[in-house]
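In each ligand, atom 1 is the first atom listed, and ligand 1 is the first ligand listed. Just so you know, these numbers use all the heavy atoms, side chains as well, and skip hydrogens, waters and symmetry mates. What you see is a predicted model; the values in this text were computed from it and never measured. Position 1 is the first residue of the sequence, and the numbers go up from there.
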Amino acid sequence: MKRILRLVCEVLFPPHCAVCDKLMAPDPQKETPALCRTCAPLWSREIARSCSRCQQPFHECRCVLPHMKRRGIVAHVKMAPYHDEEEASATRRIILSIKDRADRRVFRFLAEELAPGVRAAVKSAEEREIREGHAPCRTVISFLPRSKRTAARVGFDQAQELARALSWQLGYPCLSLLKRVRDGVPQKLLSREARVENLKGAFAPLSSAKGLRVLLVDDLVTTGAGMAEAADTLDADEIVAVSIGFTEKKKEK
Ligand SMILES: [Zn+2]
Ligand SMILES: [Zn+2]
């Protein structure tokens, strides 16, 4: 019955590949994957690329940018490198596509991909807390909200959708802990230094995160200015950043 229902859904709303947008033929036997046969190996190759600092594959790297660390972020779970100029990159195309298309299948796929890394990061944090002699703090998921204007224009907030999908995968509650109080100019137009300035005071807390470990979700971390500002706004006990893409710069201050 469930299979028939799924097939009917896929025939009525045919699934598209999350990378190339190609229409995919529903398979009566199993659910259509998020990526087509051409794009799936591309994605696998990108997530296997390694971080230049820890030499781990990207999806196992936990490196945190120094200025994010200073704001209390203890680990950064990510999937793949993102570079705006790499137009053929599967990671870049997925991130661009989720901004305009609220495709639950794609958010679920991304959450499934992120889940093992996030689970491992939480486990090591809990083990550390036990070693240090205190009970592990409660883990929740939150996200960097878009401005109301942007969310209204697009119809949804992709960071929130990703956070919700991750919450469903991992079983941690998804809370709206932050609101965006100031829009600023689009980050894309700004230099690295100007981005930090532009985001100052951009967020306000909606509720206290005291005693919590917050998995702070965004689709993409480039300079880390947004994550750092959001982390600064939260009064959480611990913050783990989670993103699909990460723009690795050669030199970091
Ligand atoms: Zn494709
Ligand atoms: Zn690393």
### Query
Leaving waters out, which protein N, O or S atoms fall under 2.8 Å from the Zn ion (ligand 1)?
Cys17 SG, Cys20 SG, Cys36 SG, Cys39 SG
Between [Y] and [X], is there a salt bridge with N-O shorter than 4.0 Å?
X	Y	result
Arg53	Glu248	no
Arg93	Asp21	no
Glu127	Arg131	no
Arg49	Glu86	yes
Glu161	Arg164	yes

### Query
Counting no waters, what protein N/O/S atoms lie under 2.8 Å from the Zn ion (ligand 2)?
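As for protein N, O or S atoms lying under 2.8 Å from the Zn ion (ligand 2), they are Cys51 SG, Cys54 SG, Cys61 SG, Cys63 SG.
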### Query
With distance as the sole test, does Arg92 use its side chain to make a donor-acceptor pair with the main-chain N or O of Gly245 at under 3.5 Å?
no
### Message
Before you tell me yes or no, could you show the steps for His83 and Thr247 under side-chain hydrogen bond (donor to acceptor under 3.5 Å, both in side chains), namely the whole-Å CA-CA distance, both residues' side-chain angles and the distance that decides it to 0.1 Å?
### Response
CA-CA 6 Å; His83 294 284; Thr247 307; 5.3 Å; no
Please set out all donor-acceptor pairs under 3.5 angstrom arising from side-chain atoms of residues 200-214, sequence neighbours excluded.
unit_1	atom_1	unit_2	atom_2	d
Lys200	NZ	Glu197	OE2	2.9
Ser208	OG	Lys210	N	3.1
Ser208	OG	Asp235	OD2	2.9
Arg213	NE	Thr139	OG1	3.1
Arg213	NH1	Glu129	OE1	3.3
Arg213	NH1	Glu129	OE2	3.1
Arg213	NH1	Glu238	OE2	2.9
Arg213	NH2	Glu129	OE1	3.0
Arg213	NH2	Cys137	O	3.2

### Task
With sequence neighbours excluded, tell me which residues meet ring-ring contact (aromatic ring centres under 6.0 Å, His included) with Phe109.
Trp43
